[in-house]
Amino acid sequence: MGKGEQVRARLIEAAVRLLADEGPQSLQARRLAREIGTSTMAVYHYFGGVPQLLRGVADDGFRRLTGRLDTVVTTEDPVADLLRQALVYRGFARENPHLHDLMFGLSAPAGQPEPAEGEAGRPAVAFGRLVAATERAITAGRLDRAEAGDVAAQLWSALHGFVTLELAGRFAHADPLAEVLVPLTANLLRGLGDDPDEIRASIASALR
């Protein structure tokens with residue numbers, strides 16, 4: 001790794017750390033440079049500016065999320081596997097709320113992060129894990145025949161909406177997982193053609 005790549009990596013690491021410890025207001029060029037013992041100009045030299053650095057932080061977040069999704073073990077129950085991915089996604093967001101918000105453009109100090117170019121960006125890679133799991137559920141006959149990407153987008157929309165509202169503290173429920181996410185998921189799966197008894201079994205398996 002060359003010097004430039006090292007400085008870029010250290011600035012991203014510092015940004016991730018400050019984001020977790022102090023929130024998005026801490027992500028300022030001067031503060032980031034001070035964290036790694038370099039000049040403020042390093043942010044502009046190696047990234048072009050704070051918004052581009054934030055894009056690097058968001059990409060690093062998607063890399064971490066994809067790594068977590070890859071820990072989900074494939075079993076004989078594709079719907080349970082799909083639900084485990086959802087739980088991993090929720091867990092990642094709860095552990096990294098500020099990073100989650102930055103990844104999805106919900107917080108953007110010092111400028112909006114620039115979107116990744118094309119569909120080869122890290123967000124698409126993370127979404128690809130959900131598409132693959134959805135394809136398995138469709139192939140197994142658990143969900144109605146449809147384009148896996150379209151079905152995965154529906155599932156992700158429901159999950160992301162729930163997680164975003166949960167992080168914002170919008171649920172008065174004692175247990176949002178049991179009282180909101182589980183029934184929401186069951187209702188959506190039924191609408192997608194799955195059998196109610198099999199849904200209950202898959203949910204129980206995923207929650208164990």
In chain order, what residues pass the side chain to side chain donor-acceptor pair (under 3.5 Å) check against [X], with sequence neighbours excluded?
X      : result
Asp81  : Thr75, Arg84, Arg136
Thr134 : none
Glu135 : Thr139

Problem - Charged N-O contact under 4.0 Å between Asp194 and Arg190 - result: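 Not counted as a salt bridge, because no side-chain N and carboxylate O are separated by less than 4.0 Å.
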
Practice task
List for me each residue that meets side-chain contact (heavy atoms from CB on, under 4.5 Å) alongside Ala15, sequence neighbours excluded, and say none if there are none.
Solution key: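 Once residues adjacent in sequence are excluded, the partners of Ala15 under the side-chain contact (heavy atoms from CB on, under 4.5 Å) criterion are Leu27, Leu32, Leu53, Val57.
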
Exercise for the section: Report the residues that fulfil side-chain contact (heavy atoms from CB on, under 4.5 Å) with Asp195, sequence neighbours left out, ordered by chain and then residue number. Expected result: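 Asp195 satisfies side-chain contact (heavy atoms from CB on, under 4.5 Å) with Asp197, Glu198 once adjacent residues are dropped.
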
Problem - Pair listing, side-chain hydrogen bond (donor to acceptor under 3.5 Å, both in side chains) test, anchored in residues 7-19, at least two apart - result: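 Every pair satisfying side-chain hydrogen bond (donor to acceptor under 3.5 Å, both in side chains) with a residue in residues 7-19: Arg17-Glu35.
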
Problem - Verdict with reasoning, Leu102 to Leu106, per side-chain contact (heavy atoms from CB on, under 4.5 Å) - result: CA-CA 6 Å; Leu102 180 65; Leu106 301 178; over 6 Å; no

Exercise for the section: Ignoring hydrogens and angles, state whether a donor on the side chain of Arg142 or Ser202 is under 3.5 Å from an acceptor on the partner side chain. Expected result: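 Indeed, the side chains of Arg142 and Ser202 share at least one donor-acceptor pair under 3.5 Å.
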
Not counting sequence neighbours, which residues clear ring-ring contact (aromatic ring centres under 6.0 Å, His included) with [X]? List them please.
X      : answer
His160 : His100, Phe104
Tyr46  : none
Phe47  : none
Phe162 : Phe171

Within this structure, what is the [atom1]-[atom2] distance for the pair [X] and [Y], rounded to the nearest 0.5 Å?
X      : Y      : atom1 : atom2 : result
Thr185 : Ile199 : OG1   : CD1   : 9.5 Å
Asp21  : Ser26  : CG    : OG    : 8.0 Å
Leu11  : Ile36  : CG    : CD1   : 3.5 Å
Gln154 : Leu159 : CD    : CG    : 13.5 Å

Problem - Test item: Glu22 side-chain N/O and Leu18 main-chain N/O as donor-acceptor pair under 3.5 Å - result: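 Not confirmed, Glu22 side chain does not pair with Leu18 backbone.
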
Practice task
May I have all residue pairs that pass ring-ring contact (aromatic ring centres under 6.0 Å, His included) and include part of residues 12-33, sequence neighbours excluded?
Solution key: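 Found none.
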
Practice task
Tell me, with the steps shown, if His98 and Met103 meet side-chain contact (heavy atoms from CB on, under 4.5 Å).
Solution key: CA-CA 9 Å; His98 294 306; Met103 288 162 61; over 6 Å; no

Side-chain donor-acceptor pairs under 3.5 Å in residues 61-70, sequence neighbours left out?
residue	atom	partner	partner atom	Å
Arg63	NE	Asp60	OD1	3.1
Arg63	NH2	Asp60	OD1	2.7
Arg64	NE	Asp60	OD2	2.7
Arg64	NH2	Asp60	OD2	3.2
Thr66	OG1	Phe62	O	2.8
Arg68	NH1	Glu95	OE1	3.1
Arg68	NH2	Glu95	OE1	3.4
Arg68	NH2	Glu95	OE2	3.4
Asp70	OD1	Arg129	NE	2.6
Asp70	OD2	Arg129	NH2	3.3

